[in-house]
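Scroll down for the structure; my scribbles are underneath it.
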Amino acid sequence: MDTIWLYQFRLIVIGDSTVGKSCLIRRFTEGHFAHVSDPTVGVDFFSRLLEIEPGKRVKLQIWDTAGQERFRSITRAYYRNSVGGLLLFDITNRRSFQNVHSWLEEAQSHVHPHSIVFLLVGHKCDLEAQRQVSRQEAEKLAAAFGMNYVETSARDAINVETAFMDLTRQIFELVRGGDIKIQDGWEGVKSGLVPNTVHSSEEVTKAGRQCLC
Ligand code: GDP
Ligand code: MG
């Protein structure tokens, strides 16, 4: 039977304000570079299907912090119900790179009893002339954290698919190997064999807004 998705993974995208989180998510889910205006409350969610192996589709539910990162007021529920995360900094903004540590600490202090698989992302790699963080330095930090590193551009559509695919594959392997388990009452990973009878184009990209307050 043809299926729409096998697993649903919930991902978060964190990092300083203006590093490009919303633009990266929009590029991945909507396929274009859009000016993004943040709402003042709640979180935005977006979803997209990824085929990680022939016939094996994962539905990604991606949550955006919707401006709350400015105040570091992201709720515990946002972290603890996620299985994966993109930890973004802007390669032209050294401070955003230095703040990667505190974002990771913040996430780790809220995620208990679960854990989040993170990918370190150096964003806006189209702005090479303004680079303030070298690739080697970022790779070293990622290795110290036990993460992979990728450089992306939402503007020029560089490595956007690669970033989400890399993270999704890592999580998929951990789920397949039993290191990450599906649990009642946890939104991080869900499984389901949904027959492919609806128009899948409707399923591919869906955005919404929800308050986690
Ligand atoms: P957020 O606060 O982290 O969600 O950041 P936004 O997605 O709202 O983006 C902040 C600013 O960075 C906006 O002016 C975007 O146009 C710009 N931006 C986002 N992604 C890129 C990119 O890949 N390249 C360049 N050059 N600018 C980007
Ligand atoms: Mg944003």
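When a ligand or atom number is given, it counts from 1 through the structure's own listing order. Owing to the predicted nature of the structure, the values given are computational and were not obtained by experimental measurement. For the numbers below, each heavy atom of this structure counts, side chains included, while hydrogens, waters and symmetry mates do not.
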remark   = Taking only non-hydrogen atoms of S22 and a 4.0 Å limit, the atoms of ligand 1 in range are 4 (O), 7 (O)
remark   = The atoms of ligand 1 lying under 4.0 Å from a heavy atom of L127, numbered in the order shown, are 26 (N)
key: Ligand-side contact atoms (ligand 1) for residue partner T18, heavy atom cut-off under 4.0 Å   = 1 (P), 2 (O), 3 (O), 5 (O), 10 (C), 12 (O)
task = Heavy-atom contacts with K21 under 4.0 Å: which atoms of ligand 1 show up? List them by number with element.
result = 1 (P), 2 (O), 3 (O), 4 (O), 5 (O), 7 (O)
inquiry  = Is there a polar contact, in the sense of an N or O pair closer than 3.5 Å, between A154 and ligand 1?
reply    = yes
request  = Decide, yes or no, whether a salt bridge links K140 with E137 under the criterion of side-chain N to carboxylate O below 4.0 Å.
outcome  = no
inquiry  = I need the atoms of ligand 1 closer than 4.0 Å to a non-hydrogen atom of S153, numbered in the order shown.
reply    = 23 (O)
Donor-acceptor contact below 3.5 Å, side chain K124 vs main chain R131 = no
task = Please test W186 against R10 for side-chain contact (heavy atoms from CB on, under 4.5 Å), starting from the C-alpha separation and ending with a verdict.
result = CA-CA 10 Å; W186 182 54; R10 194 166 135 185; over 6 Å; no
task = Would you kindly specify which portion of V19 sits under 4.0 Å from ligand 1, judged on non-hydrogen atoms: side chain, backbone, both or neither?
result = both
key: C23 neighbourhood, listing ligand 1 atoms whose heavy-atom distance to it stays under 4.0 Å   = 7 (O), 9 (O), 15 (C), 19 (C), 20 (N)
inquiry  = Does T18 form a side-chain contact (heavy atoms from CB on, under 4.5 Å) with D90? I'd like the steps, not just the answer.
reply    = CA-CA 8 Å; T18 78; D90 171 351; 5.6 Å; no
query = Based purely on interatomic distance, does G20 place a nitrogen or oxygen under 3.5 Å from a nitrogen or oxygen of ligand 1?
reply = yes
Candidate pair L86 and L11, rule side-chain contact (heavy atoms from CB on, under 4.5 Å), full reasoning = CA-CA 8 Å; L86 298 165; L11 308 181; 5.7 Å; no
task = Check whether NZ of the Lys or CZ of the Arg R48 lies under 6.0 Å from the centre of the six-membered ring of F164 and within 45 degrees of that ring's axis.
result = no
message = Quick check against the 3.5 Å criterion: does N148 have a side-chain atom that pairs as donor or acceptor with the backbone of L119?
response = no
message = Please determine whether S22 has a backbone or side-chain N, O or S atom lying under 2.8 Å from the Mg ion (ligand 2).
response = yes
ask   = In terms of atom number and element, which parts of ligand 1 are under 4.0 angstrom from non-hydrogen atoms of D126?
value = 22 (C), 23 (O), 24 (N), 25 (C), 26 (N)
query = With a cut-off of 6.0 Å (strictly less than), are more than 12 heavy atoms of other residues, nucleotides or ligands near NE2 of H32?
reply = yes
